[in-house]
Colleague: 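Questions regarding the structure given below will be posed in turn.
Proteins get letters first, then strands, A, B, ... in listed order; numbering begins at 1 in each.
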Amino acid sequence: MLEISYIRENRERVLEGLKVRNFSEEELEIVEKVIALDDKRKTLQTDLDNKLAERNSISKSIGDLFKQGKKDEANAMRQQVNDLKDTAGQIEEDLKATKATLAETLVQLPNIPHPSVPAGNTDEDNEIAKDWPGALPELGEDAKPHWELATQYNVFDLELGVKIAGSGFPVFRGKGARLVRALIAFFLDEAARAGYEEVIPPLLVNESTAYGTGQLPDKEGQMYHAEKDDLYLIPTAEVPVTNIYRDVIIKDESDFPIKLTGHTPCFRREAGSYGAHVRGLNRVHQFDKVEIVRIEHPDRSYEALDEMVKHVEGLLEKLELPYRILRLCGGDLGFTSALTYDFEVFSAAQKRWLEVSSVSNFETFQTNRLKLRYKTEQGNRLAHTLNGSALALARIIASLMENNQTPEGIRIPKALQSYTGFDLID
RNA sequence: GGUGAAGUGGGUGAGUGGCUGAAACCACCGGUUUGCUAAACCGGCGUACUCUUAACGGGGUACCGCGGGUUCGAAUCCCGCCUUCACCGCCA
C-alpha cells in the first residue's frame with residue numbers, strides 16, 4: 001500500500017506511474033479521491049481530538065471539585081461532558097467511516113513502477129534484459145514433452161494426483177521424487193552460501209499475514225482458504241517469511257541487510273486455467289519452491305535486487321539451462337511490485353519459454369502494510385522488501401527433462417549429481 | 001477438547017477508578033569520574049495520528065493482548081474474543 005504522505009508529496013509521479021500501468025484518465029481520479037478523503041480524515045481527527053481534550057479537562061475539574069467537597073458544582077458540570085460526548089461520538093463515527101473508505105480506496109492503488117519499467121500492456125511488451133547468447137537447443141522431431149517422458153521414466157504421475165486430490169497435483173515417484181528433494185537441497189545450500197538464513201515457516205497463514213504482503217485483498221481467489229479455521233494456504237514462502245518482520249522496528253541501520261531463505265510447497269488455485277499450455281508441470285496447484293527474501297535499507301534495495309538477479313542466474317547456469325531475463329512492463333508488473341525481473345527457461349521439446357523465477361523490489365509497498373520500519377535519527381522510516389524465487393521446482397523439472405532427454409534416459413546436470421546420487425533417469 | 005491461572009514499555013515487573021504514558025530494576029544511548037576495562041554517579045530512552053514552527057522544538061489525542069460496555073473520568077469495573085502457561089484427555 002502506498003503511503004498517503006508519499007501520494008500527497010509526489011502526486012505527479014504517482015499519476016505518471018499509474019499511467020505506465022495503463023490507468024485510464026477516469027481511473028486516475030482515484031488519486032484525487034484519496035487526497036480528498038485524507039483531507040476529510042484530518043479535519044475530523046483534529047475536531048475529535050479537540051473535543052476529547054475538552055472532555056478530559058472538564059473531567060479533571062470534576063474530580064478536583066469532588067475532592068474539595070463541592071458536590072453541587074461538580075454535578076452541574078456533568079451535563080457539559082455528556083453533551084460533549086454526544087458530539088464527539090458523532091465525529092468519531094464519521095471519522096471511522098472516512099478511515100474505512102480511505103483504506104478501501106488506498107488498497108486499490110498498485111505500487112508505483114520504477115522509472116526503468118517499460119510501458120506496455122501484455123507479456124509481449126516485456127523487455128528482454130538479457131537474452132540467451134547462444135543458439136537454443138534443437139532436439140529434433142522425436143523429442144518428447146516432459147509429460148510423456150514422465151510416464152516413460154516414472155518421474156511423476158498426474159492421473160494418480162487426480163485420484164488423490166484433483167487435477168494439478170502431481171505425484172512424484174522414484175527418481176523423480178529424489179530429483180525434487182535434490183533440487184530443494186541444492187537451492188537451499190546455494191542460498192546459504194550466499195548468506196541467507198534458512199527458515200521453515202508455517203504453510204498456513206492468518207488474514208493479517210496474507211494482508212501484510214499484499215495477497216489480500218487483491219488476490220483472494222488465488223489462495224486456498226481453510227474456512228473453518230480462517231487460514232490460507234500459502235501461495236509462496238514470501239508470505240510467511242516476510243511476515244516474520246511484521247510490526248518490527250529494526251533497531252539499527254547496521255542490522256541491514258536481512259537475508260532469509262526458505263523452502264515450502266506453494267499452493268495456487270489457478271481457477272479456470274486449463275488447456276494445452278498448462279499441461280504437465282507447466283501449471284500446477286502445488287509445487288515446491290525455494291524463496292529468497294531480503295529486508296533492506298531504501299538506499300541499497302536496488303543493489304540488492306541486482307545481487308538477487310545474479311544469484312538466480314548462477315543457479316540456472318549450474319543447472320545448464322538456457323534462460324533469459326525479462327524486465328516486466330507496466331501491464332504485466334505485479335500489483336505490489338515496483339520492478340520485477342522474470343526468469344524464463346527454454347523448454348526444448350515444447351519449444352516454449354517457461355517462467356521459473358520472479359525477482360522483485362517492493363520498496364515500501366509491503367512494509368507500509370507490514371509496519372516494518374527502522375530507526376533513524378529523524379524518526380522511524382519504512383524499510384524496503386524484496387524477494388525472488390530461487391527457484392520454483394516444477395517447471396525446472398519440466399525443462400530439465402525435456403532439454404536433457406537422450407536415447408539412454410534423462411541426463412542430470414553435474415551440479416546436481418551429488419544430491420541425486422545418480423546421473424541418469426532411465 | 002476439558003478445567004484453572006495469566007496477558008502492562010526491548011526485558012523483569014509494580015500498579016484495583018482521577019495525582020499513571022504508566023514506579024522500580026535490567027538492557028540500551030549520552031555524560032562525569034577513571035592508566036585501560038569494570039564499578040559508581042548524572043541525564044536520556046515507546047508507538048501512531050494531529051495541530052503549530054523556516055527549523056530546533058512545542059501543544060493535543062489515542063494506545064497497558066484485541067473488540068465492545070459502565071462512568072463526569074478506566075491499565076484498574078463488566079461482557080465477548082484471542083493468546084500464553086499449568087493440569088487432565090487425545091496424539092505424529
Side-chain angles (χ1 to χ4, degrees), chain A residues 1-9 34-106 200-212 216 226-232 240 243-256 258 265 295 364 366-383:
Chain A
M1 185 157 69
L2 295 173
E3 293 166 89
I4 302 182
S5 57
Y6 181 86
I7 298 172
R8 300 188 81 107
E9 286 159 28
V34 161
I35 293 174
L37 279 168
D38 192 45
D39 286 340
K40 186 175 177 196
R41 188 201 111 248
K42 283 191 181 195
T43 310
L44 289 170
Q45 183 73 59
T46 308
D47 282 358
L48 177 63
D49 285 355
N50 290 338
K51 294 279 181 280
L52 291 175
E54 212 181 317
R55 183 203 68 184
N56 287 345
S57 127
I58 297 176
S59 289
K60 200 161 248 181
S61 312
I62 293 175
D64 291 343
L65 288 171
F66 270 123
K67 237 168 264 171
Q68 292 164 29
K70 297 177 183 169
K71 254 188 162 171
D72 296 341
E73 285 180 50
N75 282 321
M77 290 179 91
R78 283 190 183 181
Q79 191 51 43
Q80 273 187 62
V81 178
N82 279 327
D83 291 347
L84 219 43
K85 274 212 293 192
D86 285 346
T87 25
Q90 282 167 24
I91 298 173
E92 196 177 357
E93 264 179 49
D94 204 358
L95 178 63
K96 255 190 193 169
T98 307
K99 277 182 167 175
T101 314
L102 179 59
E104 278 165 31
T105 314
L106 211 46
I200 300 180
L203 306 181
L204 280 81
V205 297
N206 58 33
E207 196 181 320
S208 304
T209 296
Y211 179 82
L216 288 180
E227 283 182 26
K228 199 160 186 178
D229 298 288
D230 200 14
L231 293 169
Y232 294 87
N243 271 276
I244 291 174
Y245 282 86
R246 175 153 49 91
D247 286 319
V248 167
I249 299 174
I250 290 156
K251 293 282 182 300
D252 195 293
E253 295 184 38
S254 66
D255 292 336
F256 291 120
I258 294 166
I295 296 158
T364 59
Q366 291 183 327
T367 53
N368 188 32
R369 290 196 191 182
L370 292 163
K371 298 198 172 60
L372 198 187
R373 293 155 293 176
Y374 65 98
K375 271 194 196 304
T376 73
E377 303 270 311
Q378 300 82 6
N380 297 333
R381 294 174 58 195
L382 294 173

Colleague: Counting C-beta onward and ignoring hydrogens, is there a side-chain heavy-atom pair between A:Val205 and A:Asn243 closer than 4.5 Å?
Modeller: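 No. Closest side-chain heavy atoms not under 4.5 Å.
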
Colleague: Could you tell me whether a side-chain N or O of A:Arg369 sits under 3.5 Å from a main-chain N or O of A:Tyr211, the two making a donor and an acceptor?
Modeller: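 Yes; at least one donor-acceptor contact below 3.5 Å.
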
Colleague: At under 4.0 Å between heavy atoms, what does A:Asn50 touch on the DNA or RNA strands: base, sugar-phosphate, or nothing?
Modeller: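 Answer is nothing: A:Asn50 stays at 4.0 Å or more from every strand.
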
Colleague: Is there a Watson-Crick or G-U wobble partner for B:U76 with both distances under 3.5 Å, and which nucleotide is it?
Modeller: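 Result: none.
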
Colleague: Heavy atoms, side chains only, cut-off 4.5 Å: are A:Asp94 and A:Gln90 in contact?
Modeller: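 Side-chain contact under 4.5 Å: no.
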
Colleague: Indicate yes or no: at least one non-hydrogen side-chain atom of A:Asp229 is less than 4.5 angstrom from one of A:Leu204.
Modeller: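 No, too far: nothing below the 4.5 Å cut-off.
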
Colleague: Rounded to whole Å, please give me the gap between CE in A:Met77 and P in B:G73.
Modeller: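 Rounded to the whole Å, the gap is 13 Å.
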
Colleague: When you compare B:A23 with B:C78, how far apart are their C1' atoms, in angstrom units rounded to a whole number?
Modeller: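 Per the computed distance, 28 Å lies between those C1' atoms.
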
Colleague: Using a 4.0 Å heavy-atom cut-off across all strands, classify A:Asn82 as base, sugar-phosphate, or nothing.
Modeller: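 Contact class for A:Asn82: sugar-phosphate only.
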
Colleague: Base, sugar-phosphate alone, or nothing: which one does A:Ile58 contact when heavy atoms must sit under 4.0 Å apart?
Modeller: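 Contact class for A:Ile58: none.
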
Colleague: In whole angstroms, how far is the C1' atom of B:A62 from the NZ atom of A:Lys51?
Modeller: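 After rounding, the reported distance stands at 17 Å.
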
Colleague: Grab the CD-C1' distance between A:Glu377 and B:C56 for me, whole Å please.
Modeller: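 It is 14 Å, rounded to the nearest whole Å.
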
Colleague: In this structure, how many angstroms lie between the P atom of B:U50 and the CG atom of A:Leu102, rounded?
Modeller: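 Taking atom P of B:U50 as the reference, CG of A:Leu102 is at 11 Å.
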
Colleague: B:U16 and B:C64: how far apart are their C1' atoms, nearest whole angstrom?
Modeller: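 The same atom, C1', in both gives a distance of 14 Å.
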
Colleague: Distance check, C1' atoms only: B:G44 and B:A27, in whole angstrom units.
Modeller: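 Rounded to whole Å, the distance is 14 Å.
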
Colleague: Report the base-pairing partner of B:A62 (Watson-Crick or G-U wobble, both distances below 3.5 angstrom), or none.
Modeller: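 Pairing partner, where one exists within any strand: B:U47.
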
Colleague: Any side-chain heavy-atom pair from A:Leu382 and A:Leu372 closer than 4.5 angstrom?
Modeller: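 SC-SC contact between A:Leu382 and A:Leu372 ruled out.
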
Colleague: For A:Asp229 and B:G1, what is the distance between atoms CG and P respectively, to the nearest whole Å?
Modeller: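 Between P of B:G1 and CG of A:Asp229: 9 Å.
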
Colleague: How about A:Asn56 and A:Ser59: does a side-chain donor come under 3.5 Å of a side-chain acceptor?
Modeller: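 There is no such pair between these side chains.
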
Colleague: Starting from the C-alpha separation in whole Å, work towards a yes-or-no answer on side chain to side chain donor-acceptor pair (under 3.5 Å) for A:Asp49 and A:Gln45.
Modeller: CA-CA 6 Å; A:Asp49 285 355; A:Gln45 183 73 59; 3.2 Å; yes

Colleague: Grab the CZ-P distance between A:Arg41 and B:U50 for me, whole Å please.
Modeller: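 For the pair A:Arg41 CZ and B:U50 P, the rounded distance is 4 Å.
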
Colleague: Look through every strand shown and name the nucleotide pairing with B:U32 as Watson-Crick or G-U wobble, where both distances are under 3.5 Å.
Modeller: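 For B:U32, the partner nucleotide comes out as B:A40, under the 3.5 Å rule.
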
Colleague: Of the nucleotides B:C72, B:U50, B:A62, which has the atom closest to the A:Arg55 side chain?
Modeller: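 Of the options given, the side chain of A:Arg55 lies nearest B:A62.
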
Colleague: Salt bridge or not for A:Asp83 and A:Lys51, using N-O below 4.0 Å?
Modeller: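 Judged by the 4.0 Å cut-off on N to carboxylate O distance, A:Asp83 and A:Lys51 do not form a salt bridge.
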
Colleague: Roughly how many Å apart are B:G46 and B:A24, using the P atom of each and rounding to a whole number?
Modeller: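 Per the computed distance, 14 Å lies between those P atoms.
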
Colleague: Write down the partner of B:C85 under the Watson-Crick or G-U wobble criteria, each distance required to be under 3.5 Å.
Modeller: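 For B:C85, the partner nucleotide comes out as B:G4, under the 3.5 Å rule.
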
Colleague: Considering Watson-Crick and G-U wobble pairs with both distances under 3.5 Å, what does B:C91 pair with?
Modeller: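 B:C91 is paired with nothing.
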
Colleague: Would you mind telling me which of B:G18, B:G60, B:G10 lies closest to the side-chain atoms of A:Ser59?
Modeller: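 So the nucleotide nearest the side chain must be B:G18.
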
Colleague: Suppose we define a pair by two distances each less than 3.5 Å, Watson-Crick or G-U wobble; what does B:A24 pair with here?
Modeller: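 Per the H-bond distance test, B:U12.
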
Colleague: Base, sugar-phosphate alone, or nothing: which one does A:Lys96 contact when heavy atoms must sit under 4.0 Å apart?
Modeller: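 Touches sugar-phosphate only.
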
Colleague: Could you tell me the Watson-Crick or G-U partner of B:C19, where both distances fall under 3.5 Å? Say none if there is no partner.
Modeller: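 The base-pairing partner of B:C19, which may sit in any strand shown, does not exist here.
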
Colleague: Specify the residue among A:Lys42 and A:Asp49 whose closest nucleotide of RNA chain B lies further upstream toward the 5′ end.
Modeller: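 Closest to the 5' end, via its nearest nucleotide, is A:Lys42.
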
Colleague: Just call it for A:Asn75: base, sugar-phosphate, or nothing, with non-hydrogen atoms closer than 4.0 Å on any strand.
Modeller: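 Answer is nothing: A:Asn75 stays at 4.0 Å or more from every strand.
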
Colleague: Rounding to the closest angstrom, what is the interatomic distance between B:C79 and B:U70 at atom C1'?
Modeller: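 Each nucleotide's C1' atom is 11 Å from the other's.
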
Colleague: Here's a test of your reading of the structure: between A:Arg373 and A:Ala53, which maps to the more 5' nucleotide of RNA chain B?
Modeller: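 First, find each residue's nearest nucleotide; the 5'-ward one identifies A:Arg373.
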
Colleague: Quantified in whole Å, what is the C1' atom distance between nucleotide B:G69 and nucleotide B:A74?
Modeller: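 It comes out at 11 Å once rounded to the nearest Å.
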
Colleague: I'd like the C1' distance from B:U32 over to B:A38, given in whole Å.
Modeller: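 Their C1' atoms lie roughly 16 Å apart.
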
Colleague: From C-beta outward on A:Ile249, which listed nucleotide comes closest to its side chain: B:C72, B:U47, B:U50?
Modeller: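 The nucleotide sitting nearest to the side chain is B:U47.
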
Colleague: Say you pick atom C1' in B:G15 and the same atom in B:G21; how far apart are they, in whole Å?
Modeller: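 Going atom to atom, C1' in each nucleotide, I get 13 Å.
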
Colleague: Starting from P on B:G46, measure out to NZ on A:Lys375 and report it in whole angstrom.
Modeller: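 After rounding, the reported distance stands at 8 Å.
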
Colleague: Let me know the distance between NZ of A:Lys251 and C1' of B:G9, rounded to the nearest Å.
Modeller: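 Between C1' of B:G9 and NZ of A:Lys251: 11 Å.
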
Colleague: Return the nearest nucleotide to the side chain of A:Leu52; candidates are B:C49, B:C51, B:U61.
Modeller: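 Of all the options, the side chain of A:Leu52 is nearest to B:U61.
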
